[in-house]
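Below is one structure, written out as structure tokens; the observations come after it.
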Amino acid sequence: MTDEPSPDRPVLRVVRGEPTPEELAAVTVVLTALARRGPKPAAPPAGGWSDLSLRIRRIPAPGPGAWRNSAWS
């Protein structure tokens, strides 16, 4: 079995109604675009720049070593 349509068998078939040539063209364009789009790519893993918890700076508590802790917040 092949994926290519045979000349004897239509690819699309209207089963109800009488669409105009413009309507058939519009449906054909939409279906062709959807078929060519392929699978949706996977989202990249979230890194440090997108992690909101890493961007929120905490104010260091005053006291011994506060100057050292200010570099890590």
Side-chain angles (χ1 to χ4, degrees):
M1 183 174 218
T2 63
D3 288 340
E4 297 197 17
S6 71
D8 301 335
R9 186 173 175 200
V11 177
L12 298 175
R13 184 177 65 152
V14 178
V15 293
R16 186 179 293 170
E18 296 180 20
T20 65
E22 292 82 10
E23 291 171 334
L24 284 176
V27 168
T28 303
V29 167
V30 169
L31 292 177
T32 302
L34 289 173
R36 289 187 179 179
R37 183 172 59 177
K40 188 175 181 180
W49 288 105
S50 62
D51 189 358
L52 291 177
S53 66
L54 296 177
R55 285 193 264 163
I56 298 173
R57 291 187 56 94
R58 293 173 293 178
I59 299 172
W67 65 272
R68 186 180 303 123
N69 294 334
S70 67
W72 298 105
S73 56

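Everything numeric in this text was worked out from a predicted model, so none of it was measured.
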### Task
Show your reasoning for whether side chain to side chain contact (heavy atoms under 4.5 Å, CB included) applies to Leu12 and Leu31.
CA-CA 10 Å; Leu12 298 175; Leu31 292 177; 3.8 Å; yes
### Summary
The residue among Val29, Leu34, Thr28, Val30 that forms side chain to side chain contact (heavy atoms under 4.5 Å, CB included) with Thr32 is Thr28
### Message
Using side-chain heavy atoms (C-beta onward) and a distance below 4.5 Å, is Val14 in contact with Pro19?
### Response
yes
